[in-house]
A.B. asks: 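Pasting a structure below so you can have a look.
Only this structure's heavy atoms are used, side chains among them; waters, hydrogens and symmetry mates stay out. Just so it is clear: chains get the letters A, B, ... in the order the sequence lines come, proteins before strands, and each one is counted from 1.
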There are 2 protein chains.
Amino acid sequence: MATRAEYSTRPRERIGAILRGERRFFTAADVHRVLQSQDVHVSLSTVYRTLEHLCEKNEATVRIEQSGEAAYMHCEPVHHHHHAICRKCGRVEDVDCTAIGQFAESLRAQQGFVLDGHSMEFFGTCASCG
Amino acid sequence: MATRAEYSTRPRERIGAILRGERRFFTAADVHRVLQSQDVHVSLSTVYRTLEHLCEKNEATVRIEQSGEAAYMHCEPVHHHHHAICRKCGRVEDVDCTAIGQFAESLRAQQGFVLDGHSMEFFGTCASCG
DNA sequence: ATCAGTGCAAACCATTTGCAAATTA
DNA sequence: TAATTTGCAAATGGTTTGCACTGAT
C-alpha cells in the first residue's frame with residue numbers, strides 16, 4: 001500500500017507552530033487571524049485543510065463549540081483523558097478519569113446501560129487565573 | 001414588565017407532540033421530515049423557531065452533534081443531570097452525577113482548577129437494545 | 001517531472017431573518 | 001382589531017470543493 005508523500009510547507013509550519021504555541025482551542029478563523037497578524041498570507045481553505053490534516057495525523061483534536069464552530073488544539077497522542085477549560089484564559093488542562101470503570105459498572109447494574117464511550121468537559125478557573 | 005401572549009397553533013402542537021413522543025434527540029430536519037410524513041405542512045423556519053421557543057420555555061434541551069448540527073429533545077425541568085445515549089436506538093436515559101462534588105474537590109487540590117461547570121455525555125447500548 | 005499543497009471563487013448546508021400574509025385571542 | 005405566528009425567499013456564516021497554479025521532492 002502506497003503511503004503518500006508529505007510535503008513540508010510554509011503554511012503547515014506556521015499553523016503547526018501556532019497550535020503548538022498555546023494550549024488552547026483555536027477556530028480556523030482564530031488561526032487565520034493570527035497568521036494575518038504575523039503577515040503570513042495563507043488562505044482560509046488552507047487553514048481548514050491543514051487543521052484537518054493535523055487531526056488525521058493525531059497531532060490535534062477537535063471540539064465543537066456551542067455555536068457549532070469547530071475548534072482545534074494541539075494534542076499529543078496520550079492516553080484517554082478529558083479537558084478542563086479555563087473560562088478566563090482558555091487554557092486547557094488534562095484531566096484523567098480512572099473512575100469511569102466503576103461508574104460504568106454501576107450504570108449497568110442500575111440501568112442496564114452498557115457504556116462504551118463518553119465525553120466530558122469541565123469549565124472553571126485555572127490556577128493562574130484564580 | 002410585559003409578558004407577551006402565547007398563541008397555541010397547529011405547528012406548535014404538532015412539533016411539541018413529536019418531541020414528547022420519543023425520548024431522543026431530533027434535528028430540525030428530523031422534525032420537519034416527521035411532519036411531512038404526517039402530511040402536516042410546516043416550514044423549516046417555523047420548525048427552527050418552535051424548537052428555539054421550546055428551549056426558552058425549558059421544555060427542550062439542545063445538544064450540538066459532532067457535525068455541528070443542533071439536536072433537540074423534550075426535557076422536563078428536572079435537577080442537573082446527564083445523558084446516556086444509546087448508539088442503536090438513540091434513546092436517551094438520564095444519569096445523575098452526585099460524585100461531581102468530590103471530583104471538584106480533588107481537581108482543585110491537585111491542579112488548582114476551580115470547577116464551576118461541566119458537560120458529560122455517555123454512549124453505549126441501552127437495556128432494551130442490549 | 002511528479003505529485004502534493006495552495007489560492008480563489010463558487011458551492012454547500014444548517015440556521016437566521018425581513019417582511020407581507022395568515023392566524024389567534 | 002391588535003398582537004403573534006407563519007411562509008417564503010433571501011441572507012448569513014462556517015466549512016468544503018473544483019480546478020488551475022505553485023511549490024516541494
Side-chain angles (χ1 to χ4, degrees), chain A residues 1-20 24-73 90, chain B residues 1-19 24-57 59-73 90:
Chain A
M1 60 312 178
T3 305
R4 44 159 45 182
E6 286 234 351
Y7 291 2
S8 165
T9 65
R10 196 145 185 327
R12 288 191 176 175
E13 284 164 15
R14 285 345 225 92
I15 294 173
I18 291 170
L19 282 215
R20 265 177 272 111
R24 68 174 180 92
F25 284 94
F26 292 82
T27 62
D30 286 338
V31 171
H32 194 239
R33 212 170 294 123
V34 174
L35 288 168
Q36 287 189 314
S37 76
Q38 299 177 343
D39 280 304
V40 179
H41 289 300
V42 175
S43 73
L44 196 48
S45 329
T46 294
V47 173
Y48 275 109
R49 284 188 277 229
T50 303
L51 291 172
E52 171 59 24
H53 182 244
L54 288 173
C55 286
E56 283 168 359
K57 291 203 300 174
N58 283 308
E59 289 180 16
T61 8
V62 215
R63 163 182 140 71
I64 306 295
E65 307 194 330
Q66 274 311 99
S67 63
E69 278 179 87
Y72 303 78
M73 179 175 74
Chain B
M1 59 315 177
T3 306
R4 45 156 45 184
E6 285 234 352
Y7 289 4
S8 165
T9 66
R10 197 158 159 52
R12 287 191 176 173
E13 284 164 14
R14 284 347 223 90
I15 294 172
I18 290 170
L19 282 216
R24 69 174 181 90
F25 284 94
F26 292 81
T27 62
D30 286 338
V31 171
H32 194 238
R33 213 171 292 123
V34 174
L35 287 168
Q36 287 188 315
S37 76
Q38 299 178 341
D39 280 305
V40 179
H41 181 70
V42 174
S43 74
L44 197 48
S45 328
T46 295
V47 173
Y48 276 109
R49 284 188 277 227
T50 303
L51 291 172
E52 172 60 23
H53 181 244
L54 289 172
C55 286
E56 283 168 358
K57 291 203 300 176
E59 289 180 16
T61 6
V62 215
R63 161 183 142 72
I64 306 297
E65 307 193 330
Q66 274 311 102
S67 63
E69 278 180 86
Y72 303 79
M73 179 174 73

A.B. asks: B:Glu69 CD to C:dT16 P: how many Å, rounded?
C.D. replies: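 These atoms are roughly 12 Å apart.
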
A.B. asks: Search all heavy atoms of B:Leu19 against all heavy atoms of B:Met73 and return the closest pair with its distance.
C.D. replies: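 B:Leu19 and B:Met73 have their closest heavy atoms at CD1-C, 4.1 Å.
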
A.B. asks: Check nucleotides 20-22 of chain D for protein N or O atoms closer than 3.5 Å to its own N or O atoms and list the pairs.
C.D. replies:
none

A.B. asks: What string of B, S and - do you get for nucleotides 3-8 of chain C, 5' to 3', if B is base contact, S is sugar-phosphate-only contact and - is no contact with any protein heavy atom under 4.0 Å?
C.D. replies: BSSSBB

A.B. asks: So what does A:Ala29 touch, heavy atoms closer than 4.0 Å: a base, only the sugar-phosphate, or nothing?
C.D. replies: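 Since no nucleic acid heavy atom lies under 4.0 Å of A:Ala29, the category is nothing.
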
A.B. asks: Taking side chain as C-beta onward, heavy atoms only, is A:Val31 less than 4.5 Å from A:Val42?
C.D. replies: no

A.B. asks: As an exercise, state the distance from CZ of A:Arg33 to CZ of A:Phe26, rounded to the nearest 0.5 Å.
C.D. replies: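 Those atoms lie 11.0 Å apart.
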
A.B. asks: Could you state the CD-P distance from A:Gln66 to D:dG14, rounded to the nearest angstrom?
C.D. replies: 16 Å

A.B. asks: What is the minimum heavy-atom distance between B:Ile64 and A:Glu65, and which atoms define it?
C.D. replies: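 So the minimum-distance heavy-atom pair works out to CG2-O, 4.1 Å.
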
A.B. asks: For A:Glu59, give me all partners under salt bridge (charged side-chain N to carboxylate O under 4.0 Å, His left out), at least two apart in sequence or on another chain.
C.D. replies: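 A:Glu59 satisfies salt bridge (charged side-chain N to carboxylate O under 4.0 Å, His left out) with A:Lys57 once adjacent residues are dropped.
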
A.B. asks: Provide, to the nearest angstrom, the distance between the CD atom belonging to A:Glu65 and the P atom belonging to C:dA14.
C.D. replies: 20 Å

A.B. asks: Would you mind reading off the distance between B:Ile15 atom CD1 and D:dG7 atom P, rounded to a whole angstrom?
C.D. replies: 9 Å

A.B. asks: In whole Å, what is the span from the CG atom of A:Leu51 to the P atom of D:dG14?
C.D. replies: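 These atoms are roughly 15 Å apart.
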
A.B. asks: Excluding sequence neighbours, so at least two apart, what forms salt bridge (charged side-chain N to carboxylate O under 4.0 Å, His left out) with B:Arg63?
C.D. replies: B:Glu121

A.B. asks: Can you check the A:Glu52 CD to D:dG14 P distance for me, whole Å?
C.D. replies: 18 Å

A.B. asks: Using atom NE2 of B:His32 as one end and atom C1' of C:dA14 as the other, report the distance to the nearest whole Å.
C.D. replies: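 These atoms are roughly 13 Å apart.
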
A.B. asks: Is DNA chain C part of any stem, that is, at least 3 consecutive Watson-Crick or G-U pairs with both distances under 3.5 Å, and where?
C.D. replies: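 Paired runs of 3+ in DNA chain C: C:1-10 with D:16-25, C:12-14 with D:12-14, C:16-25 with D:1-10.
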
A.B. asks: Show the nearest heavy-atom pair for residues A:Tyr7 and A:Arg12, with the distance to one decimal.
C.D. replies: O-NH1, 3.4 Å

A.B. asks: Can you give me the closest heavy-atom contact between A:Ser8 and A:Glu13, atom names plus distance?
C.D. replies: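 Shortest heavy-atom contact: OG-OE2, 3.0 Å.
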
A.B. asks: Quick one: closest heavy-atom pair of B:Tyr72 and B:Val62, and the distance?
C.D. replies: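 Distance-wise, the nearest heavy atoms are CE2-CG1, 3.6 Å.
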
A.B. asks: In Å, rounded to the nearest 0.5 Å, how long is the span from CG of A:Leu35 to CG of A:Leu44?
C.D. replies: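 The CG atom of A:Leu35 sits 10.0 Å away from the CG atom of A:Leu44.
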
A.B. asks: Name each donor-acceptor pair under 3.5 Å that joins a side chain in residues 46-54 of chain A to protein atoms two or more places apart or in another chain, with its distance.
C.D. replies:
from	atom 1	to	atom 2	distance (Å)
A:Thr46	OG1	A:Ser43	OG	3.1
A:Thr50	OG1	A:Thr46	O	2.7
A:His53	NE2	A:Glu6	OE2	3.2

A.B. asks: What's the CD-C1' distance between B:Glu13 and D:dT6, to the nearest Å?
C.D. replies: 15 Å

